[in-house]
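Take a look at the structure below.
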Amino acid sequence: MMKSQRLDDARRKIEERDQAWQDEKADILKEVQRLKAEATRMVKILAMEYEEENLSEDKKRSLSQEVYSLQLVVEMRTGEVRNLREQLARAAQQLEQAERDRERLKKATARMEDLEEQLKIKIQCERQLSHEKSQLEMSI
């Protein structure tokens, strides 16, 4: 009974962690999309400003650095998403293993209850036979 409860608790915790990872993954994906859109916008601005003849070198350098920074952030977020996917896969495997363990525990518990019942019947029969033997010995 305790193992079953622990397995249920473990499964529930894994499901909660899974949901938290899913939520965090969704947030990160939104952030990655936002950053990609921002990077695209910056690239467009940079391209337009490069076309302007009076664009200063400092402004070009500043925008280039900002675009590079945004690209780095997008790469970091992509790595985080990859890590979340790996964690999610591990959690799913743990959940599947917990389900298999629970089924094995259920079968073992049923087997144990069956054997206990057989043992009770055997003990009852032995007592009955012992009692009958005693009565036979007394009657002889």
Side-chain angles (χ1 to χ4, degrees):
M1 193 79 157
M2 292 282 287
K3 282 188 176 183
S4 179
Q5 180 65 34
R6 285 189 296 192
L7 284 173
D8 286 342
D9 289 345
R11 184 179 51 76
R12 185 179 40 74
K13 286 178 184 177
I14 289 171
E15 287 173 351
E16 289 171 0
R17 254 192 334 215
D18 179 44
Q19 185 59 48
W21 287 335
Q22 290 287 354
D23 294 344
E24 187 175 345
K25 176 183 167 186
D27 291 343
I28 289 173
L29 286 173
K30 283 181 193 174
E31 179 70 9
V32 166
Q33 292 301 319
R34 188 190 68 75
L35 290 171
K36 283 182 179 179
E38 181 71 15
T40 301
R41 187 180 70 78
M42 295 301 275
V43 167
K44 287 179 182 176
I45 291 171
L46 185 61
M48 286 189 318
E49 289 184 1
Y50 267 126
E51 291 175 1
E52 294 178 10
E53 294 177 49
N54 60 358
L55 185 63
S56 72
E57 285 299 315
D58 287 341
K59 184 77 170 171
K60 289 178 187 177
R61 196 170 13 279
S62 171
L63 287 173
S64 293
Q65 288 173 349
E66 192 168 346
V67 167
Y68 178 72
S69 294
L70 286 171
Q71 288 172 336
L72 288 179
V73 170
V74 167
E75 287 177 21
M76 281 181 7
R77 293 295 188 180
T78 302
E80 289 175 7
V81 168
R82 186 181 320 109
N83 287 339
L84 283 173
R85 284 184 180 141
E86 291 170 1
Q87 290 175 357
L88 180 60
R90 283 193 298 273
Q93 288 174 346
Q94 289 174 346
L95 182 59
E96 289 172 8
Q97 184 62 45
E99 291 293 333
R100 287 191 297 266
D101 290 346
R102 183 166 42 163
E103 281 303 311
R104 285 183 22 231
L105 178 63
K106 197 170 152 183
K107 288 178 184 177
T109 302
R111 176 76 174 134
M112 184 180 73
E113 290 170 355
D114 184 50
L115 290 172
E116 286 174 345
E117 188 61 31
Q118 289 178 24
L119 182 60
K120 283 181 190 176
I121 292 170
K122 181 179 178 187
I123 290 171
Q124 189 178 21
C125 285
E126 286 177 353
R127 285 183 184 150
Q128 179 69 29
L129 288 173
S130 176
H131 179 68
E132 289 175 7
K133 178 183 173 194
S134 295
Q135 284 184 342
L136 283 173
E137 286 175 349
M138 290 173 71
S139 68
I140 294 181

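One is the number of the first residue; the rest follow in order along the sequence. All values derive from a computational prediction rather than experimental measurement.
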Legend entry - Over 12 non-hydrogen atoms of neighbours within 6.0 angstrom of CD in Glu86: yes
Inset, instruction - Return yes if a side-chain donor-acceptor contact under 3.5 Å exists between Gln118 and Asp114, otherwise no. - result: yes
Legend entry - Nonpolar side-chain network containing Met112, other nodes, edges under 4.5 Å: none
Legend entry - Side chain proximity check, Arg41 to Glu38, heavy atoms < 4.5 angstrom: yes
Inset, instruction - List in chain and number order the residues that pass salt bridge (charged side-chain N to carboxylate O under 4.0 Å, His left out) with Glu103, two or more places apart in sequence or in another chain; answer none if no residue qualifies. - result: none
Legend entry - side-chain contact (heavy atoms from CB on, under 4.5 Å) evaluation trace for Asp18 with Leu95: CA-CA 10 Å; Asp18 179 44; Leu95 182 59; over 6 Å; no
Inset, instruction - Answer whether the closest heavy-atom distance between the side chains of Ile14 and Arg17 falls below 4.5 Å. - result: yes
Legend entry - Joint hydrophobic cluster, Leu84 plus Leu88, side-chain heavy atoms closer than 4.5 Å: no
Inset, instruction - Mind running side-chain hydrogen bond (donor to acceptor under 3.5 Å, both in side chains) on Glu132 and Gln128 for me, showing each step along the way? - result: CA-CA 6 Å; Glu132 289 175 7; Gln128 179 69 29; 2.9 Å; yes
Inset, instruction - Answer yes or no: are there more than 12 heavy-atom neighbours, outside Arg100 itself, under 6.0 Å from its atom CZ? - result: yes
Legend entry - Test log, rule side-chain contact (heavy atoms from CB on, under 4.5 Å), inputs Ile123 and Lys120: CA-CA 5 Å; Ile123 290 171; Lys120 283 181 190 176; 5.9 Å; no
Legend entry - Joint cluster assignment, Val43 & Val73, ILVMFWY side-chain distance < 4.5 Å: yes
Inset, instruction - Report the C-alpha separation of Asp101 and Leu105 in whole Å, then their side-chain angles, then the decisive distance to 0.1 Å, and conclude whether the side-chain contact (heavy atoms from CB on, under 4.5 Å) test is met. - result: CA-CA 6 Å; Asp101 290 346; Leu105 178 63; over 6 Å; no
Inset, instruction - Could you tell me whether the side chain of Ser69 and the main chain of Gln65 form a donor-acceptor pair under 3.5 Å? - result: yes
Legend entry - Presence of salt bridge, Lys13 and Glu16, under 4.0 angstrom: no
Legend entry - salt bridge (charged side-chain N to carboxylate O under 4.0 Å, His left out) involving Glu15 - partner list, sequence neighbours excluded: Arg11
